[in-house]
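Written out below as structure tokens is the structure these notes cover.
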Number of protein chains: 4
Amino acid sequence: MTETRPLRADARRNRERVLNAAREAFAAEGISVPLDEIARRAGVGPGTVYRHFPTKEALFHAAIVDNLERMIDFAREAARADEPGPAFFAFLERMVAEGGLKRDLAEALGSHDTVECSAPTQQLWDEIDGLLRRAQDDGAIRADLRPTDLKRIIRGVFLATHSPEITDDERRHTFAIVFDGMRPR
Amino acid sequence: MTETRPLRADARRNRERVLNAAREAFAAEGISVPLDEIARRAGVGPGTVYRHFPTKEALFHAAIVDNLERMIDFAREAARADEPGPAFFAFLERMVAEGGLKRDLAEALGSHDTVECSAPTQQLWDEIDGLLRRAQDDGAIRADLRPTDLKRIIRGVFLATHSPEITDDERRHTFAIVFDGMRPR
Amino acid sequence: MTETRPLRADARRNRERVLNAAREAFAAEGISVPLDEIARRAGVGPGTVYRHFPTKEALFHAAIVDNLERMIDFAREAARADEPGPAFFAFLERMVAEGGLKRDLAEALGSHDTVECSAPTQQLWDEIDGLLRRAQDDGAIRADLRPTDLKRIIRGVFLATHSPEITDDERRHTFAIVFDGMRPR
Amino acid sequence: MTETRPLRADARRNRERVLNAAREAFAAEGISVPLDEIARRAGVGPGTVYRHFPTKEALFHAAIVDNLERMIDFAREAARADEPGPAFFAFLERMVAEGGLKRDLAEALGSHDTVECSAPTQQLWDEIDGLLRRAQDDGAIRADLRPTDLKRIIRGVFLATHSPEITDDERRHTFAIVFDGMRPR
DNA sequence: GATGAATGAGCATTCATTCAT
DNA sequence: AATGAATGAATGCTCATTCAT
């Protein structure tokens, strides 16, 4: 959507470097990182960032979309698994554990008061809805869990368990409790 | 703890106006709201804000502490209830529903990477720990739910269900699901 | 010039307290001391300062004039002494040693780029001119030392020897050298 | 020591313009000149000033150091002269006459209650000590004049004779008197 | 295309001064 | 008269964005 024609090799490389630097910086410190700092980490000048992304907000979007796309991939993998229930929970855990951008992505997932990254967000939710329906049809998830609840729970768990200090075991334990709430009694 | 000596009537009124404006503004937009904007909303000059709060961060703290104190009150009320299980869940719901400051309070509840409001935060957690233990002793909550999990879940639910558009019924429904995860199977 | 009619006793006392606080504060930190700080040190509210001095600058003037008047007294005492030469040098030393306000008074003594405190400044210089003339007539001071030179030298010595760390002996030694330059060869 | 790598031509030109504007502004009004005013006089935006000098204080330092370095050059020239006595006095006069920044440099020369520009200040004093010693060895300066006295006298004369209105002749005359005090009787 | 210098609006904070209590 | 709360202009500094090199 940003680039309309093939980029020169060095331009593409720079775009990638900027995006990676942005992902890391935003994940660590949120949107308040100065753009100059991102440029510095990417090893380019601020002008170069603007060649590839028209505003800082667009760069932020791009970083989020990048993450969303990885998650869509996760969801599609999960859709191909044999057992819908375990696949669903495994997907959730993976999504949260490898989610990437911290609070900022979570905001995007909720999509209120923040930028719209509509197309990929919608795609991701579509995939998740599919996973949920299959797991419910399979009897692994209670029937009264609506997609809307799931979104909120994912967001919440995502935000709540994203802290530098938490260990994988601790995160898994908290997950297990929340996941239990989603199962049929 | 905040005012050490009686304030003149007009001063107290202004302090209250500033704090209210700050609470609303911070709740809606996070700490990035310009202080001048808060002053404007409170109908005072920026200097007046500084008469009552030495820095913007102090004002932010004060807003959070204000909320924490309300929640401590909720917790103490819940502690006086007869049935520990229902009291526990009712407290959680009330805390989240009437919590006030959005993401910023949640940050404080998690207390990493953010300002410390240590004393009241600690007090609140002490109260919550007490409620949890009584509910567990009563068999209303699964035994393997650790205070640490509870903190994360509260934070997550808090963040996840704080959106302007959500209805009370929707919130209650999501709560119910998460709460079910905390019950013994 | 400020008070046109006798003040009530408490008002006069407050005026004195403010002026003393101002003298000390200005002496220590220059004109940049906040007026509120002076008020605090004087144990009054800032409004009270304004009742006695219409602006901060006026207060600063008043503090300087206060010092100038003490020096005029020194000069008049010196004028009554028997030996004009020693009296002259003793006056200089006393003026510098007990001068009070540091650089700010010095500015006034030079009276460029700063506020005019014309009448008392003029009076002081008149007295000093008299002392100088008598010492020159007596042969204790070289004839080509003009009042203008003397002003500069006083200012310079004043500024140069006003440091918290300097000892009286050190100051006297530097004085002695400069004073020797004023003597006939 | 200031620029560590070659600057673009326009950047160097702007840096120079800012530094010149700062020198003039600080000389005329002291450190209280608003930085925006300096930027305006230099014909640049305030951000540009900050690109070259990280804080206002750093800019102030730079202006002082610039002057100190010129004086060190003067001192080194004087050290190469044949007759130590006249060279010493000529240096003093030149230092004061062409010194540049008024009271602010003088503060640096005295180095109390103000910013340290230690390295160049120390260098300058080392040079001056050398000149003094040679002149004393040559019998042109009284033996009891200590470097410490000299510092004070230079500071004082510097401050005292820096006024917009003074003529060169007047300054020289005042110098002559003070200098006479330094000679052996 | 890339660079990084320049811009300038915006923000937190201070403080002389005014005025309600 | 005194108090001290309120005001708001001013200041140092930041950072998204533009543009000359």
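Letters A, B, ... mirror the listed sequences (proteins, then strands); counts begin at 1.
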A/A62 to A/F53 - nearest heavy-atom pair and separation: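 In terms of heavy atoms, the two residues are closest at CB-CE2, 3.6 Å.
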Closest approach of A/T55 to A/Y50 (non-hydrogen atoms, all atoms of both residues):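 Where A/T55 meets A/Y50 most closely, the heavy atoms are CA-CE2, 4.1 Å.
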Can you sort out the partners of D/D66 under side-chain contact (heavy atoms from CB on, under 4.5 Å), two or more places apart, ordered by chain and number?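 side-chain contact (heavy atoms from CB on, under 4.5 Å) list for D/D66, sorted by chain: D/L19, D/R23.
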By side-chain contact (heavy atoms from CB on, under 4.5 Å), which residues pair with C/E37, not counting sequence neighbours?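 side-chain contact (heavy atoms from CB on, under 4.5 Å) check on C/E37 returns C/V33, C/P34, C/R40, C/R41.
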Rounding to a whole Å, what distance do you find between [X]:[atom1] and [N]:[atom2]?
X     : N      : atom1 : atom2 : result
C/R13 : F/dA1  : CZ    : C1'   : 12 Å
D/R40 : F/dT11 : CZ    : P     : 12 Å
B/F53 : F/dA6  : CZ    : P     : 11 Å
C/R12 : F/dA1  : CZ    : P     : 11 Å
B/D10 : F/dT7  : CG    : C1'   : 13 Å
B/R51 : E/dT17 : CZ    : P     : 17 Å
D/E16 : E/dA5  : CD    : P     : 16 Å
A/F26 : F/dA16 : CZ    : C1'   : 12 Å

Give a yes or no on whether the backbone of A/I31 and the side-chain of A/K56 come within a donor-acceptor separation of less than 3.5 Å.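 Yes, A/K56 side chain to A/I31 backbone: donor-acceptor pair under 3.5 Å.
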Show me the dot-bracket string of DNA chain F, counting Watson-Crick or G-U pairs under 3.5 Å, with | for pairs to another strand and [ ] for crossing ones. .||||||||||||||||||||
OP1, OP2 of E/dA6 versus side-chain N and O of D/H52: anything below 4.0 Å?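 Result: yes.
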Would you say A/N14 reaches E/dG1's phosphate, i.e. side-chain N/O to OP1/OP2 under 4.0 Å?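 No, no such contact exists.
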Roughly how far, to the nearest 0.5 Å, is the CZ atom of D/R17 from the CZ atom of D/R13?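 CZ of D/R17 is found 6.0 Å from CZ of D/R13.
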What does nucleotides 8-15 of chain E look like as a protein-contact string, B for base, S for sugar-phosphate only, - for none, at under 4.0 angstrom between heavy atoms? B--SSBBS
Looking only at side chains, do A/R70 and A/N67 share a donor and an acceptor under 3.5 Å apart?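 The criterion, which ignores hydrogens and geometry beyond distance, is satisfied for A/N67 and A/R70.
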Under the side-chain contact (heavy atoms from CB on, under 4.5 Å) rule, what do A/I38 and A/F26 come out as? Steps first, then yes or no, please. CA-CA 9 Å; A/I38 293 174; A/F26 287 142; 3.7 Å; yes
Can you tell if the side chain of C/I64 reaches within under 4.5 Å of the side chain of C/L68, non-hydrogen atoms only?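 Yes - at least one pair of side-chain heavy atoms lies under 4.5 Å apart.
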